[in-house]
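Accompanying notes for the structure given below.
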Amino acid sequence: MPRPHIGELPMTPAQRQTRRRARLRGERPRPPAPPARRPLPRPQRWAAAVATLTPLQDQYRAWLDNLPASLGGSTLAEKLQAIAELDLEELQTIDPPRGYGRD
């Protein structure tokens with residue numbers, strides 16, 4: 001089956017190649033995607049989670065200390081008290097296993 005005509009006369013192979021090269025120059029290839037980040041090891045993720053919880057608990061304690069007296073017996077106060085009473089220092093002392101015989 002012959003190729004379809006674009007103009008009056010069929011294109012020569014040189015014209016076809018020139019047109020293709022011009023099209024390729026206009027379409028720059030995309031750079032390869034960066035490699036996926038590997039998650040941190042479990043002990044580092046544990047330390048990061050505990051480090052996040054500690055200032056958050058301090059904020060909840062401050063909220064509980066500044067709570068109006070009218071909300072003293074409410075469920076909000078009970079929940080804030082439960083968060084404030086959590087012993088996060090015990091979590092900080094835990095040294096999670098590294099696994100696969102590396103302990």
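The analysis underlying the following values was restricted to heavy atoms, covering all of them including side chains, and did not include hydrogens, waters or symmetry mates.
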Can you give me every donor-acceptor pair (side chain of residues 32-45, partner residue at least two apart or in another chain, under 3.5 Å) with its distance?
from, atom 1, to, atom 2, distance (Å)
R45, NE, L40, O, 3.1

- Examine distances only and state if a side-chain atom of Q15 and a backbone atom of T12 form a donor-acceptor pair shorter than 3.5 Å. yes
- Within the side chain of T54, is there an N or O that forms a donor-acceptor pair under 3.5 Å with the backbone of A51? no
- Item | Value rounded to 0.5 Å, distance of CZ in R61 from CD1 in I83 | 11.0 Å
Common cluster, [X]/[Y], ILVMFWY with side-chain heavy-atom separation under 4.5 Å:
{"X": "L56", "Y": "L67", "result": "yes"}
{"X": "Y60", "Y": "L86", "result": "no"}
{"X": "L64", "Y": "L71", "result": "yes"}

- Query: Under the side chain to side chain donor-acceptor pair (under 3.5 Å) test, which residues partner E85, sequence neighbours left out?
  - Reply: Q81
- Joining Ile, Leu, Val, Met, Phe, Trp and Tyr whenever any side-chain heavy atoms lie under 4.5 Å apart, the cluster holding L91 also takes in W46, V50, L53, L88, I94
- Item | Worked check of side-chain contact (heavy atoms from CB on, under 4.5 Å) between R16 and R20 | CA-CA 6 Å; R16 200 172 288 116; R20 183 176 192 293; over 6 Å; no
